[in-house]
Amino acid sequence: MTMDLFAATGEMAALPEILVPGAMVLRGHATADTAAVLAALDGVFAAAPFRHMVTPGGCRMSVAMTNCGAYGWITDKTGYRYDRIDPESGRDWPPMPSPLLRLATRAAAQAGYGGFVPDACLINRYVPGTRLSLHQDKDEMDFTAPIVSVSLGLPATFLFGGMRRVDAAQRVPLWHGDVVVWGGPARLRYHGVLPLKAGSHVLLGEQRINLTFRKAT
Ligand code: MD3
Ligand code: FE
């Protein structure tokens, strides 16, 4: 008798890919969580709708953003920061739904960061043409904590640079369900996202949603 070892899920778990020391791609790690995550996000989007924030330089960001968790990342004319209050509603950000928190802690543990407890989840929405220019994530208090990112919907090309803006960047394709854990020596690298290509995803339509789980405080 020939056993089908992969019959239970219909897919093989890919081995974690190490991009650079500290950066690990878990291909498809969130795929099985898609339905629970999207259902939980509906509640977040109802309480804290996507908005286009303004950079300190006065530019409207093409990426639409919102947050859940105790803290949310915001930018306005006065600067970038984490805040407990959504400036659009004047209320707390919606709490981080359990399926999201569980996904983030599970992925972090798999990448070697047991005990990661995010207190912020920034949610980015890209439509075709939207990009995110090269930047560092350095508004958090504790750079020993990793950042966990979850990609949903249309694929994107992620740019992963070095410690200086001018350092050459490698291109990494990210697909629906991919999870990346960025910690250790990768935590302060420059990174960005190339303009999203047109397309339609079976579940999310003409958009990409990226969740980044962070320890803000
Ligand atoms: C590498 N978001 O929200 S996630 C961001 O796809 C952000 O929306 C991108 O960059 C997106 O700040 C990329 C991957 C990511 C997130 C944080 C990092 C990569 C990182 C922090 C350090 C190094
Ligand atoms: Fe970033």
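For clarity, every value in this text was computed on a predicted model and none was experimentally measured.
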Measuring from atom [atom1] of [X] to atom [atom2] of [Y], what distance do you get when rounded to the nearest 0.5 angstrom?
X	Y	atom1	atom2	value
His201	Arg208	NE2	CZ	11.5 Å
Leu41	Cys121	CG	SG	7.5 Å
Met65	Thr212	CE	OG1	8.0 Å
Leu103	Asp33	CG	CG	5.0 Å
Thr31	Leu152	OG1	CG	9.0 Å
Asp86	Cys68	CG	SG	11.5 Å

*Given Asp137 and Arg187, is the salt bridge (Lys or Arg N to Asp or Glu O under 4.0 Å) satisfied, shown in steps?*
CA-CA 8 Å; Asp137 288 22; Arg187 177 65 181 75; 5.4 Å; no

_Ring of Phe50, cation from Arg125 - is the NZ or CZ under 6.0 Å from the centre and inside 45° of the axis?_
yes

*Please say whether the positively charged group of Arg189, taken as NZ for Lys or CZ for Arg, lies over the ring of Phe160, i.e. under 6.0 angstrom from the six-membered ring centre and within 45 degrees of the axis.*
yes

Is there a donor-acceptor contact under 3.5 Å from the side chain of [X] to the main chain of [Y]?
X	Y	answer
Asp119	Thr217	yes
Thr66	Ala48	yes
Arg214	Asp139	no
Arg165	Leu134	yes
His52	Met61	yes
His135	His191	yes
Glu206	Gly199	no

*Just wondering, do Leu159 and Val172 contact through their side chains at under 4.5 Å, heavy atoms?*
no

*Would you mind reporting whether Lys197 and Pro128 have side-chain heavy atoms less than 4.5 Å apart?*
no

*What closest approach, in Å, do Ala104 and Phe116 show between heavy atoms, and which atom pair accounts for it?*
O-CD2, 4.2 Å

Does atom [atom1] ([X]) have a neighbourhood of more than 12 heavy atoms from anything else shown, all under 6.0 Å?
X	atom1	value
Ile85	CD1	yes
Leu203	CG	yes
Arg81	CZ	yes

*Using the ring pair (Phe, Tyr, Trp, His ring centres under 6.0 Å) rule, pick out the option among Phe213, Phe143, Tyr113, Phe158 that qualifies with Trp182.*
Phe158

_Looking at Asp178 and Arg27, is any side-chain nitrogen of the basic one under 4.0 Å from a carboxylate oxygen of the acidic one?_
yes

*Would you check if the distance from the ring center of Tyr71 to the ring center of Trp93 is below 6.0 Å?*
no

*asked:* Could you work out, with side chain to side chain contact (heavy atoms under 4.5 Å, CB included) as the rule, every residue matching Thr130, not counting sequence neighbours?
replied: Ser62, Val63, Tyr126, Val127

_side-chain contact (heavy atoms from CB on, under 4.5 Å) evaluation trace for Leu100 with Leu211_ = CA-CA 9 Å; Leu100 271 64; Leu211 315 175; 4.3 Å; yes

